[in-house]
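These notes are about the structure you will find just below.
For the single chain, residues carry numbers from 1 onward in sequence order.
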Amino acid sequence: CRDEIAQLADTLIELNNVRVRASGPTAELWPERAAPQSPSADGVNLIDTTVAGYDEPYGLLWLDFAGERLRLAAAPHPKGRRVQLQILARDISICRNAPTQTSAQNSIPARIEQLTPQSRAHLQLQLRAGGQPLQARITRQAAAELALKPGDTVYAQLMHAELRAV
């Protein structure tokens with residue numbers, strides 16, 4: 001059901017006894033509605049971007065997101081078209097400094113809003129990147145070694161993303 005919502009919905013409306021409990025853009029409401037309920041579950045992020053161009057030799061679609069240029073292996077799309085990226089929380093790694101010399105080519109600055117224990121081994125990070133909510137799932141050990149806390153600015157490396165045309 002979560003996958004279908006992520007693929008089809010631009011706006012979410014939550015009802016409780018025929019009354020609207022919450023409504024708004026999927027990208028804004030999704031993280032709290034789709035937060036993992038078990039250690040094996042994974043949160044889904046929906047990131048609004050705009051097509052900036054296409055790199056024909058490498059088959060990469062260029063996307064603009066909050067002043068950052070993201071690259072994604074995808075077919076060409078018209079420049080200026082609004083698209084969403086769907087990214088699982090487990091597919092985001094966290095760096096204290098802007099990463100260099102890495103195969104993960106997409107990295108965006110983000111601010112940590114909250115760290116929530118998920119299991120004995122994992123934490124869920126609630127981030128804000130480019131004004132949009134973002135979740136990352138990392139080990140508690142990694143969070144301790146990086147000394148992560150709310151308010152910190154970090155870099156979220158997007159290890160895998162899927163394109164959704166809007």
Side-chain angles (χ1 to χ4, degrees), residues 1-15 20-37 40-114 116 124-138 151-166:
C1 181
R2 286 182 182 179
D3 287 341
E4 290 175 12
I5 292 170
Q7 291 173 10
L8 300 173
D10 292 328
T11 302
L12 292 180
I13 300 171
E14 182 180 341
L15 300 174
V20 176
R21 182 174 168 179
S23 67
T26 303
E28 282 294 318
L29 293 180
W30 185 261
E32 70 183 58
R33 303 291 181 252
Q37 301 301 312
S40 62
D42 222 341
V44 175
N45 297 288
L46 296 175
I47 304 299
D48 292 321
T49 67
T50 304
V51 175
Y54 189 74
D55 185 342
E56 189 68 44
Y58 292 107
L60 298 174
L61 189 63
W62 294 342
L63 303 169
D64 283 339
F65 171 75
E68 301 292 327
R69 175 67 45 94
L70 304 178
R71 293 168 280 193
L72 183 71
H77 283 66
K79 190 174 182 176
R81 182 174 187 187
R82 184 177 155 241
V83 296
Q84 285 184 327
L85 295 182
Q86 181 174 314
I87 308 161
L88 296 179
R90 70 172 177 227
D91 290 334
I92 297 176
S93 69
I94 301 298
C95 303
R96 273 290 186 186
N97 301 306
T100 60
Q101 297 182 327
T102 174
S103 64
Q105 297 184 346
N106 295 317
S107 176
I108 55 177
R111 187 176 50 80
I112 298 175
E113 293 187 332
Q114 184 177 350
T116 306
Q124 190 83 4
L125 274 63
Q126 298 296 329
L127 307 168
R128 179 74 48 181
Q132 296 186 47
L134 190 66
Q135 300 178 70
R137 184 171 184 247
I138 64 172
D152 287 352
T153 297
V154 294
Y155 288 84
Q157 280 190 207
L158 312 179
M159 308 304 285
H160 174 78
E162 292 183 22
L163 188 66
R164 269 187 73 210
V166 179

Original post:
Do the charged groups of D64 and R69 touch, with an N to O distance under 4.0 Å?
Top reply: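 Salt bridge between D64 and R69, a charged N being under 4.0 Å from a carboxylate O: yes.
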Subject >> D91/R137 salt bridge by N-O under 4.0 Å criterion >> reply: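 Answer for the salt bridge query: no.
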Gap between atom [atom2] of [Y] and atom [atom1] of [X] - 0.5 Å precision:
X    : Y    : atom1 : atom2 : answer
Q124 : R90  : CD    : CZ    : 11.5 Å
N106 : L72  : CG    : CG    : 7.5 Å
M159 : L88  : CE    : CG    : 13.0 Å
L127 : I94  : CG    : CD1   : 5.0 Å
H160 : I92  : NE2   : CD1   : 11.5 Å
L158 : I108 : CG    : CD1   : 5.0 Å

Contact check, side chains of [X] and [Y], non-hydrogen atoms, under 4.5 Å:
X    : Y    : result
V51  : W62  : no
T50  : L63  : no
D48  : R82  : yes
L61  : H77  : yes
Y54  : L60  : no
D152 : R111 : no
I138 : L125 : yes
T153 : I112 : no

What's the shortest heavy-atom distance between [X] and [Y], and which atoms?
X    : Y   : value
A52  : K79 : O-CE, 3.3 Å
A161 : I87 : CB-CG1, 3.7 Å
G130 : A66 : CA-CB, 3.3 Å

Original post:
Between R71 and D55, is a side-chain contact (heavy atoms from CB on, under 4.5 Å) present by the stated rule, with each step listed?
Top reply: CA-CA 9 Å; R71 293 168 280 193; D55 185 342; over 6 Å; no
Original post:
If you measure only the distance, is there a donor-acceptor pair under 3.5 Å linking the side chains of E162 and Q86?
Top reply: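 The criterion, which ignores hydrogens and geometry beyond distance, is not satisfied for Q86 and E162.
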Subject >> Audit row: E113, Q126, side chain to side chain donor-acceptor pair (under 3.5 Å) steps and yes/no >> reply: CA-CA 5 Å; E113 293 187 332; Q126 298 296 329; over 6 Å; no
Original post:
When you look at I47 and F65, which way does the side-chain contact (heavy atoms from CB on, under 4.5 Å) test go after all the steps?
Top reply: CA-CA 8 Å; I47 304 299; F65 171 75; 3.3 Å; yes
